[in-house]
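Presented below is the structure to which this report refers.
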Amino acid sequence: MLIIKKVRELTAVIASHRNNGYSIGFVPTMGALHAGHLSLLSAARRPRQLSVASIFVNPAQFNDPADFEKYPVTIENDIVLLEKSGCDILFLPTVAEIYPAGWSSPAPYDLGFLETVFEGSSRPGHFQGVCRVMERLLSIVGPDNLYMGQKDYQQCMVVGRLLNLMSSACSLHTCPTLREADGLAMSSRNMRLDAEARKRATGIYQALCFLKAGLRPGPTDPILDKAKKFLDNNAFKTDYLSIADARTLAPVQQWDGLQPVVALAAAWQKDVRLIDNMVLTETRQPIEAGTVIS
Ligand code: AMP
């Protein structure tokens, strides 16, 4: 695996592979890698495709400076994991390389309704920061295929919109969420959970499974109220737990039994904010044994 820190060097290596008929597959990350990240990389490893991963903790997308300060950094371990996974290139830029002096921030991205709900309303400016770094990374790497995780459902929609705004021909591949054995979605932030919070953290997944198993045509409030109560009882401070249209994220108060819907959750376990989601209208899975929500 090549580790490249400079934009100029990266663009030269990518151009030479392109000239040799390779496509470019790109997996952007903020590091502290886990199996979820590596699953994106394995999707990117295709014949005649150069796999490029980036690690860059983007200050522009942290609306809370304390969250940025506390973001885990495990770069040596990340390099070992990427090497083992067969990654071709790791792009590891500095902040100055991504946002050089003289680089001016583009005009705000028109993200429309997407920026007004869920992560958009809870973390003002977050998606503008995501778009800023993604536009920059996309213009540097120039991928044919971009791999991102459904774990960040709304982010995938935002990046899809950014690709449209950029008139990019790059294909976005949304990859399934990888989970721990107890259902907790893998996340770099999980390593900040203490033993007690880690045990309870699976409650988000259980609440989503409960919604998936119990959703019926009619008003969505009653089942959401039960799921929220379950989170309360497990010491979560819930930011949001909602059912929304899976294609637009418009909240769904009344489900007609046909509309594709997703449940989205963000909740704090002590000082760690966790997010997760589940498409409720995909094939239903049986609820985990031992999960009791009433
Ligand atoms: P991050 O490093 O948190 O910015 O994540 C980098 C990419 O990995 C994003 O596209 C995430 O959606 C994806 N990702 C994070 N957690 C998971 C997971 N548990 N399963 C699959 N993809 C994930």
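Positions are given from 1 along the sequence. Note that ligands are numbered from 1 as they come in the structure, with each ligand's atoms numbered from 1 the same way.
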- Looking only at protein heavy atoms, identify the closest one to atom 5 (O) of ligand 1 and say how far it is in Å. H37 NE2, 3.4 Å
- Message: What I want to check is whether the side chains of N63 and R123 have a donor and an acceptor closer together than 3.5 Å.
- Response: yes
- Item | Nearest neighbour in protein (non-hydrogen) for atom 10 (O) of ligand 1 | G149 N, 3.0 Å
- Message: Suppose I only count heavy atoms of P176 and a 4.0 Å limit; which atoms of ligand 1 are within that range?
- Response: 20 (N), 21 (C)
- Taking non-hydrogen atoms only, is M148 closer than 4.0 angstrom to ligand 1 via side chain, backbone, both or neither? both
- Item | Check: L38 main-chain N/O paired with S85 side-chain donor or acceptor under 3.5 Å | no
- Item | Modelled atom types, side-chain donor and acceptor of N58 and Y71, under 3.5 Å | no
- Query: Can Q150 be said to touch ligand 1, with heavy atoms closer than 4.0 Å?
  - Reply: no
- Identify, by atom number and element, the atoms of ligand 1 in contact range of P28, meaning under 4.0 Å from any of its heavy atoms. 6 (C), 7 (C)
- Per-atom filter on ligand 1: closer than 4.0 angstrom to a heavy atom of D152 are 11 (C), 12 (O)
- Query: V141 and V159: same hydrophobic cluster, using ILVMFWY side-chain contacts below 4.5 Å?
  - Reply: yes
- Provide the number and element of each atom of ligand 1 under 4.0 Å from a heavy atom of Y71. 3 (O)
- Note on the structure: A student checking ligand 1 against L178 at a 4.0 Å heavy-atom cut-off should list atoms 18 (C), 19 (N), 20 (N), 21 (C)
- Locate the shortest heavy-atom distance separating D67 from R192; write the atom from each residue and the value. OD1-NH1, 4.3 Å
- Item | salt_bridge(D64, K70) N-O dist < 4.0 Å | no
- Task: Check ligand 1 against M186 and write out every atom of the ligand that is under 4.0 Å from a heavy-atom position of the residue.
- Result: 16 (N), 17 (C), 18 (C), 19 (N)
- Message: Could you tell me if Q150 and T177 have a donor-acceptor pair between their side chains, going purely by distance under 3.5 Å?
- Response: no
- Logged contact type for M30 with ligand 1, heavy-atom cut-off 4.0 Å, is both
- Query: Which heavy atom in P72 sits nearest to a heavy atom in M191, and how many Å separate them?
  - Reply: CB-SD, 3.6 Å
- When you measure from atom 13 (C) of ligand 1 to every protein heavy atom, which one gives the shortest distance, and what is it? L40 CD1, 3.7 Å
